[in-house]
Amino acid sequence: MAPSGSGLTSLTRGLGGPRSWPGARRCPRALLNQQFHSPGTRVPATTGACQSGQLDGSHRPDHRRMRQSRHVGRTLREAPKDAQTAAHSLMLRAGYIQQVSAGVYSYLPLLHRTLNKIANIIREEMTRAGSEELLMPALQPRELWEESGRWERYTAVDGIMFAFKDRRGSTSCLGPTHEEVVTDILRREINSYKDLPKCVFQIQTKFRDEIRPRFGLMRAREFIMKDAYSFDADDAGLEASYEAMRQAYHRICQRVGYKYRAVEADSGAIGGSGSSEFMVLADTGEETVLFCDQCDYAANQEKGESGLEQFEQDAEPAAMEEVFGEGLIGVVPLARFLKIPVWKTTKTMIYEADDQTVAVMVRGDCDVNEIKVTNFLGCKSLKLATPERIKELTGAEVGYAGPIGLPVEVRVIADHGVNGRVNFECGANKTNYHNINVNFGRDLPLPEFGDFKLAKEGDGCPHCAGNLQAARGIEIGHIFKLGTKYSAAMNCTFLDSNGKTQTAVMGCYGIGVTRMAAAWIEQNHDDKGILWSPQIAPYQVHLTPLNLEDDHIRAEADALYERLQKEGIEVLYDDRAIRAGEKFGDADLLGMPIRLTMSKRTVEAGNVEFKLRTEPKPDLLPVEDAIARIKAICDR
RNA sequence: CGGAGCGUAGCUCAGCCCGGUAGAGCGCCAGCUUUGGGAGCUGGAUGCCGCAGGUUCAAAUCCUGUCGCUCCGACCA
């Protein structure tokens, strides 16, 4: 359940302000999301020490403070050139991360605090939802993965898993996920239906040998995630467990404060019967989210369904005709040349699916959704045929493939959208030629129909009369109904009330801790730096006194520093004797939600300057008032 | 996996074509001045020019190999 990649990557670059989502105001689900806050979900003002590389929740009062003169994580005025996105660049500039190798980062102290806070929110919500924390090994034996049948796929086929031999010659891997280990644990634990349900989670470092690590923590080879696994006696139990986790994920997203959406998703390599992704909305997101402008429907584009505009058809079939049109590749020029609407054209894409060749037809105004095709065929790999192979199969250059006259071994499947048309166009399998006035039944047999098109913005909603809108999203969480895929393969069974052996029904629930931090920054920054929310900021208050060469002011600042800690407020104290510009520049970059400034001016007036990171201007307040405001903000 | 680019000071980069004792800005150190949004002046430190071979009187520069990092990638039919 690592937030997995898709091929849909198109990034807008550069720094930008926080983005709002155009559809949010009108979307009932967005309102629901916002209203989901419940009382009693206060974030503890604590962070934990790190043990064995994991984020734990131990509470250390002395972790409420830091003098910046002693802090590790210097800021950089210029961004290292490798940074491609705002979050990556800002994390490097702010001294939150350092790259160790491709896709591998050290989490420096300030980020470590944020990761702990995110982990604690997750921990609390998992516990609230009835899940129990444990910790499984990152180092796992090959045998378990062979038992589930995933070894080959994860190593040789996809190569996503780090695997190696130890000194005795046995093969191990670094876990990208933990279905195997957890199923092994639970199959020793469960004997009876009375032992169910069970749900466990862990917060742990995971490893994926990404083809292309990118964007800092967004797509790293080593990262921290929370994964949970539920075991139930039957499908109804799974539904309940899944629903509890879904609610917990909503609470996590709301407590952190994201603008986000939960969407229907493809289950991908993990398998299973249903899944939802939690998407943080940001223009630089790698995923495309489709959502209805009238109802609650929302889906990842990978999974999304849609209706197409229907047009009036010709009354009578006309005679099929082969038309010469030189170099007409692309449906728009083709339609213009043939003087037909684009919806009458047909794209026929030739794929190699494992060892069979498949032609996929979609209406000319649509594209193929390769994930839908892969799922339909049940194949492991799906690749567009090479130009040479297309020539061999169709006898034509790329661009003129059509369903008529293909070799018999080519399996033809077609999106529903190509059906129901009278007198449509398709390629003639002859360079520079297209067939027009083609009709199913008469000119060619009916192909296998299915949903194979890529849903897109502007298409009709599959559930109501609304239209789909699109937004970019960062997948931070993905929850799955696994069913019995792993429990059956690994013999995780129990006796039901009739004494009959049954297989446990599983769900798995992942959320990326390090990615959540990156996604937050991607969604919440300006041209000066990060804008943390009080819930996950490394410190709630950044104390930035000026004129520290003045002993009186230093004493006042030290006193305020102590006072804030006594009040239970986390404070980063910039006790460095640097100039105002540098001090404020660093404060903006680091992004603590509240800045407190003392100087000659404020001390003489008995005030302190209180500034929210999100507001341009500060307020001058008596210290007591400032403390009250801080508490009000942080306790909210 | 395929293609391309880049490894020179802590950071950003110039120098490489056309071989001849290593450069700039920022940062760092010292002193003076300055002191509410990255200040000024003066002086100073800092480099296995990724690594290994080769060519040459001489290599950051040319050649070969290697390691690392980054970017791009199936004419959407």
Side-chain angles (χ1 to χ4, degrees), chain A residues 7 9-11 13 74-84 88-89 92-93 95 98-104 157-159 211-216 325 327-334 342 345-352 359-370 381-391 393-394 396-403 406 425-434 452-454 456 528-529 544-550 553 576-589 595 597-603 609 611 616 618 620:
Chain A
T9 303
S10 162
L11 292 171
R13 299 195 172 185
R74 66 181 308 119
T75 56
L76 303 174
R77 209 153 161 187
E78 290 171 279
K81 62 179 172 185
D82 292 347
Q84 303 294 315
H88 188 195
S89 174
L92 287 165
R93 280 186 57 211
Q98 271 185 22
Q99 182 167 352
V100 176
S101 70
V104 179
V157 179
D158 290 346
I211 297 167
R212 271 187 66 194
R214 262 188 286 197
F215 313 136
L328 287 170
I329 295 180
V331 294
V332 172
L334 175 65
V342 171
T345 67
T346 308
K347 291 175 183 170
T348 306
M349 310 286 287
I350 312 280
Y351 287 92
E352 304 284 0
V360 184
M361 299 171 68
V362 293
R363 217 168 81 174
D365 53 341
C366 299
D367 290 313
V368 173
N369 181 328
E370 296 183 1
S381 87
L382 184 77
K383 290 178 182 168
L384 278 170
T386 61
E388 299 75 48
R389 178 74 177 138
I390 287 171
K391 181 97 191 232
L393 289 163
T394 68
E397 299 299 321
V398 170
Y400 305 95
L406 287 173
E425 173 281 344
C426 55
N429 293 323
K430 192 170 163 189
T431 300
N432 294 330
Y433 285 88
H434 300 266
F452 303 126
K453 72 174 188 302
L454 190 70
K456 60 184 183 299
K528 294 196 181 80
T544 58
L546 305 174
N547 315 119
L548 279 175
E549 69 288 349
D550 182 323
I553 293 172
R576 300 172 301 170
I578 55 173
R579 303 174 68 81
E582 188 173 357
K583 193 162 279 201
F584 292 150
D586 272 359
D588 289 340
L589 177 59
R595 192 183 82 193
T597 300
M598 306 179 86
S599 68
K600 279 177 193 155
R601 296 177 197 171
T602 66
V603 168
E609 187 177 294
K611 182 182 173 298
L620 278 174

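So that the names make sense, note that chain A is the first sequence line, chain B the second, and so on, each numbered from 1. Bear in mind the structure is a predicted one, so any value in this text is a computation, not a measurement.
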> Are any of A:Q99's side-chain N or O atoms less than 4.0 Å away from OP1 or OP2 of B:rU70?
Replying inline: yes
> Given B:rU12, is OP1 or OP2 found less than 4.0 Å from the side-chain N or O atoms of A:R77?
Replying inline: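 For A:R77, the contact criterion (side-chain N or O under 4.0 Å from OP1 or OP2 of B:rU12) is not met.
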Can you tell me the pairing partner of [N] across any strand shown, Watson-Crick or G-U wobble, with both distances under 3.5 angstrom?
N	result
B:rC28	B:rG44
B:rG65	B:rC51
B:rA60	none
B:rA74	none
B:rA14	none
B:rU35	none
B:rG19	none

Which nucleotide in the set [options] lies at the smallest distance from any side-chain heavy atom of [X]?
X	options	answer
A:E370	B:rU35, B:rG37, B:rC76	B:rC76
A:P387	B:rC75, B:rG37, B:rA77	B:rC75
A:A102	B:rA77, B:rG37, B:rC69	B:rC69

>> Regarding B:rG37, can its base be found pairing with the side chain of A:R595 as donor and acceptor, where the two atoms are less than 3.5 Å apart?
In response: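 Side chain to base: pair found, below 3.5 Å.
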> Below 3.5 Å, does any donor atom in the side chain of A:E78 face an acceptor in the base of B:rG27, or the other way round?
Replying inline: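 Such a pair does not exist between side chain and base.
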> Can you name the nearest heavy-atom pair linking A:I553 to A:N547, along with the distance?
Replying inline: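 What the structure gives for the nearest pair is CD1-CB, 3.6 Å.
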> Could you state the interatomic distance from CD (A:E609) to OG1 (A:T602), rounded to the nearest 0.5 Å?
Replying inline: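 One gets 7.0 Å once the value is rounded to the nearest 0.5 Å.
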Between N or O atoms, less than 3.5 Å apart, protein on one side and nucleotides 5-8 of chain B on the other: list the pairs.
none

Tell me what [X] touches on the nucleic acid: a base, only sugar-phosphate, or nothing, going by heavy atoms under 4.0 Å.
X	value
A:V362	nothing
A:I390	base
A:G364	nothing
A:T346	sugar-phosphate
A:T602	base
A:S101	sugar-phosphate
A:F584	base
A:G427	nothing
A:L76	nothing

>> I'd like to check the salt bridge (Lys or Arg N to Asp or Glu O under 4.0 Å) partners of A:K347; sequence neighbours left out, ordered by chain and number.
In response: A:D367
> If you measure from the C1' atom in B:rA9 to the same atom in B:rC48, how many Å do you get, rounded?
Replying inline: 14 Å
> How far does the P atom of B:rC51 sit from the matching atom of B:rA59, given to the nearest Å?
Replying inline: 15 Å
Without swapping roles, check the side chain of [X] against the backbone of [Y] for a donor-acceptor pair under 3.5 Å.
X	Y	answer
A:T431	A:E397	yes
A:D588	A:K528	no
A:T386	A:R389	yes
A:T346	A:E425	yes
A:N432	A:G327	yes

>> Could you tell me how far apart A:M349 (CE) and B:rC75 (C1') are, to the nearest whole angstrom?
In response: 10 Å
> Quick one: A:R74 CZ to B:rG27 P, roughly how many Å, whole number?
Replying inline: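 Taking atom P of B:rG27 as the reference, CZ of A:R74 is at 11 Å.
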>> Taking the nucleotide of RNA chain B with the nearest heavy atom to each, does A:V398 or A:D586 sit closer to the 5' end?
In response: A:D586
>> Both A:E549 and A:I211 contact RNA chain B. Which one's nearest nucleotide lies toward the 5' end?
In response: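 Nearest nucleotide further toward 5': that of A:I211.
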>> Under the rule for ring pair (Phe, Tyr, Trp, His ring centres under 6.0 Å), what residues qualify as partners of A:F584, not counting sequence neighbours?
In response: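 Partners of A:F584 under the ring pair (Phe, Tyr, Trp, His ring centres under 6.0 Å) test: none.
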